[in-house]
Trainee: 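My structure is below; once you've seen it, I'll send some questions.
Each chain gets a letter, A, B and so on, in the order its sequence line appears, and its residues count up from 1.
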Protein chains: 4
Amino acid sequence: MARPKSEDKRRAILAAATQVVAEAGLGAPTARIAKLAGVAEGTLFTYFETKDDLLNALYLDIKDQMREALMSTYPSKGSVQKRLKHIWQQYVTWGAAHPHARRALAQLDVSGRLTPKTKAAGALGFGEFDVLLRESTANGTLRGHSPAFVTAILTALAETTMEFMIREPGHAERYSTSGFEALWGAVGAKNK
Amino acid sequence: MARPKSEDKRRAILAAATQVVAEAGLGAPTARIAKLAGVAEGTLFTYFETKDDLLNALYLDIKDQMREALMSTYPSKGSVQKRLKHIWQQYVTWGAAHPHARRALAQLDVSGRLTPKTKAAGALGFGEFDVLLRESTANGTLRGHSPAFVTAILTALAETTMEFMIREPGHAERYSTSGFEALWGAVGAKNK
Amino acid sequence: MARPKSEDKRRAILAAATQVVAEAGLGAPTARIAKLAGVAEGTLFTYFETKDDLLNALYLDIKDQMREALMSTYPSKGSVQKRLKHIWQQYVTWGAAHPHARRALAQLDVSGRLTPKTKAAGALGFGEFDVLLRESTANGTLRGHSPAFVTAILTALAETTMEFMIREPGHAERYSTSGFEALWGAVGAKNK
Amino acid sequence: MARPKSEDKRRAILAAATQVVAEAGLGAPTARIAKLAGVAEGTLFTYFETKDDLLNALYLDIKDQMREALMSTYPSKGSVQKRLKHIWQQYVTWGAAHPHARRALAQLDVSGRLTPKTKAAGALGFGEFDVLLRESTANGTLRGHSPAFVTAILTALAETTMEFMIREPGHAERYSTSGFEALWGAVGAKNK
DNA sequence: AATGAATGAGAATTCATTCAT
DNA sequence: AATGAATGAATTCTCATTCAT
């Protein structure tokens, strides 16, 4: 066989795309991405047929990284609050540490260039966390909200929190804590 | 002297831009905006020197509309919760009723094409609401968060809530209520 | 109104396209056509939306010129042979005088880039000549061939003749005469 | 020594090229030809150094097939008309049976990508037919036209005839006959 | 001021050809 | 020899902006 497609190159292109999209938006030239990735302009298209394909793959890739960060050390046991807190911690830590990924994700999310399939695949696979949500929302530990609404609130508050953590790194720790308190106040069972 | 610039045309362009940006993103051609506004391609540029100028003006314009919706009937008196709830109600009602404006705003917010000046001006001018925030965060009625953080949380939860209100119009009322409860749980003083 | 579209520019583009297509085939860059026409690359596309549109317009334009050359002095009276000879003379004279147009036409004809509509429109409008053909093929003056077949034969022999006229300009006259004799022998009523 | 080049592959590439060029013109990607031929993209270039080389080889190959069809059963004896008719029959039968080859040939002929050498080689080698032409044109049996002109007329009328045979297969036989009558009328000695 | 044609610098993508495997 | 990934110049078309009318 001839040279096989290189996983390294694929990763380099995705990494470059993350940065370039974060910095310059979805209008960023594929040429710039290719250059930053260290491949020829045409090579990008042997790995991703079109720019939209690249964008969709990028979305899934970032979601994968995020999922890995959130779920790999997820504790199956412990109170709802404890498990939720774990997710929260991992999430904001990851997000604050990967501003490019976060920003690219934000652009992609509102872009209208993701296929329904991509959106669906991106949402999937948070496994045990989904279980936690379904159970807790059902039995009232997380009020009576729907799991989707709770996830959306979690995401929204986490994004907000990360924003502040990045803006004021000195107070990152404090924001993370405040953020979680806000989340728990928002969705945790009403205290008597 | 020649004809003075027409305020009508300016408004038509902004309205068209709102819709086009909402539907097609920031990459949407100025020609499309001009056409929808019913003016010539070149005319757009006598009202806004560059596309970025238009985008910045659009951001401020939508923020203005939002402000008008939130603040025009703002009650100076009443409990913190009551006044906050008023803001909330106006906000999500406006947002659910103006999906184009909301979507355009979301695109603009993450675009990197707004000048710091525009961002600042957009945040300003919520007048009495700012006072409420500053006082309440100071005296503990709204926990100890900074006013900026509280505003960000409010915005984030409201956006999330609107999303669901638009997606499931039949349950709009319920989402609005749940959303406010979440907000109050998140930022209201800790119930003993 | 602003600058109106210029008929001169349209003609310049078509003329340039004729030459460039004749010389370099249908793969010829639009940039080269624009340059030869003395307009900017983008301008070409304000006159013809796509390259295919240009090609179709070019086909019709050349056909128009041809039609003009063949039919403008067409004699309504006279024998079938006389009228056919007139067409022949005009045709080969025009063709030998416009080698670029002829060559471009040949490329377009076999290209598969002409719409059925264009092909149909190009064939139309040879008016009185069509009448001549229909009548003469019906009454046997032109054997029993169908009008379409006779036209095709006429075209094929004319093309061949022009080829030789251009290749050996010194014998142009003689080829034209020989060509017509061949045509008349091919399609004229069988001599007793 | 490494594997010798395979004649099978060479033929597969030429066959694929015939079809692809017929269907998509000379602009057709070499990759598509290679794929249809069942070889790798790069392999095509070990058999033909450049695309133009392939195109020139293709032209000669199709001409060879044609020659084979026309000349293999050529009767050395018989009247001029009889021998000419044999050529005609073989020609239009072959052409109607190989539309791809015919169409590819037409594209190549007007393409400007054939070298003079190729054009010359393609015209050569019709052996005894050339003899027939030279003698008959000289002694007046085929009027006084030059052999080249007669060949061109033959080709032109045959192409036209084939077009109609393919378009209306039900009348193929009739067109073949009519076509030859036209040819004989065109070039046969003037009937007294 | 209003118009829309004109401009030309990109943009995404294609493709003949090369070359590592 | 065979493969197909890699290359980057070339291509068609778009679009913000300018400018003649």
Trainee: Relative to the 5' end of DNA chain E, which residue comes earlier, D/Asp52 or A/Glu49, by the nucleotide with the nearest heavy atom?
Mentor: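 That would be A/Glu49.
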Trainee: Take the protein atom CZ of A/Arg3 and the nucleotide atom C1' of F/dA2, then report the distance between them rounded to whole Å.
Mentor: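 Nearest whole value for this atom pair: 14 Å.
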Trainee: Apply side chain to side chain contact (heavy atoms under 4.5 Å, CB included) to residues B/His98 and B/Arg102 and explain how you reach the verdict.
Mentor: CA-CA 6 Å; B/His98 299 84; B/Arg102 243 176 48 69; over 6 Å; no
Trainee: Between the side chains of A/Thr43 and A/Thr46, does any donor sit under 3.5 Å from an acceptor?
Mentor: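 Short answer, no.
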Trainee: Between B/Leu44 and D/Leu26, name the one whose nearest nucleotide on DNA chain E is closer to the 5' end.
Mentor: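 Between the two, 5'-proximity favours B/Leu44.
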Trainee: Send over the distance from D/Ile13 CD1 to E/dA16 P, rounded to a whole Å.
Mentor: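 Distance, rounded to whole Å: 14 Å.
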Trainee: Strictly below 4.0 Å: does A/Tyr47 bring a side-chain N or O up to OP1 or OP2 of F/dA5?
Mentor: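 Checking F/dA5 against A/Tyr47, no side-chain N or O comes under 4.0 Å of OP1 or OP2.
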Trainee: For B/Arg113, which of B/Leu108, B/Leu55, B/Asn56, B/Thr118 qualifies under side-chain contact (heavy atoms from CB on, under 4.5 Å)?
Mentor: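 Going through the options one by one, the only one that passes is B/Leu55.
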Trainee: Regarding A/Ala28, tell me which of base, sugar-phosphate or nothing describes its non-hydrogen contacts under 4.0 Å with the strands shown.
Mentor: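 Answer is sugar-phosphate: A/Ala28 comes under 4.0 Å of backbone atoms only.
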Trainee: Using whole Å, report how far CD of C/Glu41 lies from P of F/dT14.
Mentor: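 Atom CD in C/Glu41 sits about 14 Å away from atom P in F/dT14.
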Trainee: Would you indicate what D/Ser6 reaches in the nucleic acid, counting non-hydrogen atoms under 4.0 angstrom: base, sugar-phosphate, or nothing?
Mentor: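 Nothing, no heavy atom under 4.0 Å.
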Trainee: Hey, does the side chain of B/Thr30 come within less than 4.0 Å of F/dC15's phosphate (OP1/OP2), counting only N and O?
Mentor: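 So the side chain of B/Thr30 is outside the cut-off, no N or O lying under 4.0 Å from OP1 or OP2 of F/dC15.
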Trainee: Taking both distances under 3.5 Å as the test for a Watson-Crick or G-U pair, what stems of at least three pairs does DNA chain F have?
Mentor: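 Only these stems qualify: E:2-21 with F:2-21.
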Trainee: For B/Phe45 and F/dC15, what is the distance between atoms CZ and P respectively, to the nearest whole Å?
Mentor: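 Result: 12 Å.
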Trainee: Would you please confirm or rule out a distance under 4.0 Å between OP1 or OP2 of E/dA1 and any side-chain N or O of B/Thr46?
Mentor: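 B/Thr46 to E/dA1 OP1/OP2: no side-chain N or O under 4.0 Å.
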Trainee: Do D/His100 and D/Glu23 make a side-chain contact, defined as non-hydrogen atoms from C-beta onward lying under 4.5 Å apart?
Mentor: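 When only atoms from C-beta onward are counted, D/Glu23 and D/His100 do touch, with a gap below 4.5 Å.
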Trainee: Rounded to whole Å, how long is the line connecting atom CD1 of D/Ile33 with atom C1' of E/dT14?
Mentor: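 Interatomic distance, CD1 of D/Ile33 to C1' of E/dT14: 15 Å.
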Trainee: Within the 4.0 Å heavy-atom criterion, would you say A/Phe48 contacts the bases, only the backbone, or no part of the nucleic acid?
Mentor: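 No contact.
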Trainee: How long is the line joining CG of C/Asp8 and P of E/dA6, in whole Å?
Mentor: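 It is 11 Å, rounded to the nearest whole Å.
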Trainee: Is A/Glu7 atom CD crowded by more than 12 heavy atoms from other residues, nucleotides or ligands, each under 6.0 Å away?
Mentor: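 Yes.
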Trainee: For the pair made of NZ in A/Lys5 and C1' in F/dT7, what is the distance, rounded to whole Å?
Mentor: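 Distance check: A/Lys5 NZ to F/dT7 C1' gives 15 Å.
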Trainee: Within the structure, does a side-chain N or O atom of A/Thr43 lie under 4.0 Å from either OP1 or OP2 of F/dT7?
Mentor: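 Answer is yes, contact under 4.0 Å.
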Trainee: Hey, is the main chain of B/Val110 close enough, under 3.5 Å, to the side chain of A/Gln107 for a donor-acceptor pair?
Mentor: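 At least one qualifying donor-acceptor pair exists.
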Trainee: For B/Tyr47 and B/Ser6, indicate whether the former's side chain and the latter's backbone hold a donor-acceptor pair under 3.5 Å.
Mentor: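 Between the backbone of B/Ser6 and the side chain of B/Tyr47 there is a qualifying donor-acceptor contact (under 3.5 Å).
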Trainee: From C-beta outward on B/Pro29, which listed nucleotide comes closest to its side chain: E/dG4, F/dC15, F/dT7?
Mentor: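 In terms of side-chain proximity for B/Pro29, the closest of E/dG4, F/dC15, F/dT7 is F/dC15.
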Trainee: Taking the side chain as every heavy atom from C-beta outward, state whether D/Phe45 and D/Leu54 have any atom pair closer than 4.5 Å.
Mentor: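 D/Phe45 vs D/Leu54: side chains apart.
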Trainee: For C/Gly27 and A/Val39, take the nucleotide of DNA chain F holding the closest heavy atom to each; which residue's nucleotide lies nearer the 5' end?
Mentor: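 Whichever sits nearer the 5' end wins; that is A/Val39.
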Trainee: Can you measure A/Arg32 atom CZ to E/dG10 atom C1' for me and round it to whole angstrom units?
Mentor: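 So the CZ-C1' distance, A/Arg32 to E/dG10, works out to 12 Å.
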Trainee: Pick the nucleotide of DNA chain F nearest each of A/Gly42 and C/Lys51; which residue has the one closer to the 5' end?
Mentor: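 The residue closer to the strand's 5' end, by nearest nucleotide, is A/Gly42.
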Trainee: Within the pair A/Lys9 and F/dA6, is there a side-chain N or O less than 4.0 Å away from OP1 or OP2?
Mentor: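 Yes, within the criterion.
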